[in-house]
Each structure stands twice: as structure tokens, then as C-alpha cells.
Amino acid sequence: FTWILLAFADAAVTYYVLLTWFPETPGAWAPFLPLSYTGSMIFLVYQVLFLLTLASHVASVFTDPGTITEDPPANFENPRFCQICQGRW
């Protein structure tokens, strides 16, 4: 569901903001992208940030940072133990 919201936000910003504020000028920089040069640069930066957002979301969904093993790593000199977690560090 989050990916659908992110895709909708990307499409809305691209269509209603960038295409409205930066209409195509004669001799456009990229023929497949109907934006002025400034609009094209903002579009590319926005898409890179959008892809980084998706990558961050995928990383947070498919990792498990809260897993704790039974024994602390060997290089810990003085591990602290949690009273709630039955003595695991």
C-alpha cells in the first residue's frame, strides 16, 4: 500500500507541479521529457530522491535490525544485559 502512495505522489508532483511550472520550451533538452531545461534538471533530481526513498523503504521492509542472538559477540568486554529479555544482552 505504501508503494502505491509513493507512486501516486510521484505522479502528482511530476504532472501537476513540474509540467505546470516548467512548460516545454522550443529546443527542449530531452525530446522525451516535455519540460524546460530547469524543469528537466529538477525532474531528474526529484526522481533520484524518489528512487533513494524507495530503496530506503525496501531496505527497512526486508531487514530485521531487532534480532538479538543469545550470546554477545566475542569482542564485547562488558556486555549489558536486559532484565526484561531474560538476561540476553
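Position 1 is the first residue of the sequence, and the numbers go up from there. Note that the coordinates shown come from a computational prediction; the quantities given were computed from them, not determined experimentally.
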Would you check if T38 and I42 make a side-chain contact, meaning some heavy-atom pair closer than 4.5 Å?
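Yes - at least one pair of side-chain heavy atoms lies under 4.5 Å apart.
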Are [X] and [Y] grouped together when hydrophobic residues (ILVMFWY) are joined by side-chain heavy atoms under 4.5 angstrom apart?
| X | Y | value |
| --- | --- | --- |
| V13 | L6 | no |
| L18 | Y16 | yes |
| V48 | L44 | no |

Rounded to the nearest 0.5 Å, how far does CG of L54 lie from OG1 of T2?
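Going from the OG1 atom of T2 to the CG atom of L54 covers 10.5 Å.
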State the CZ-CG distance between F50 and D10, to the nearest 0.5 angstrom.
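So the CZ of F50 and the CG of D10 are separated by 4.0 Å.
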Counting N and O atoms only, with roles assigned by atom type, does the side chain of T53 sit under 3.5 Å from a partner on the main chain of L49, one being a donor and the other an acceptor?
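Yes; at least one donor-acceptor contact below 3.5 Å.
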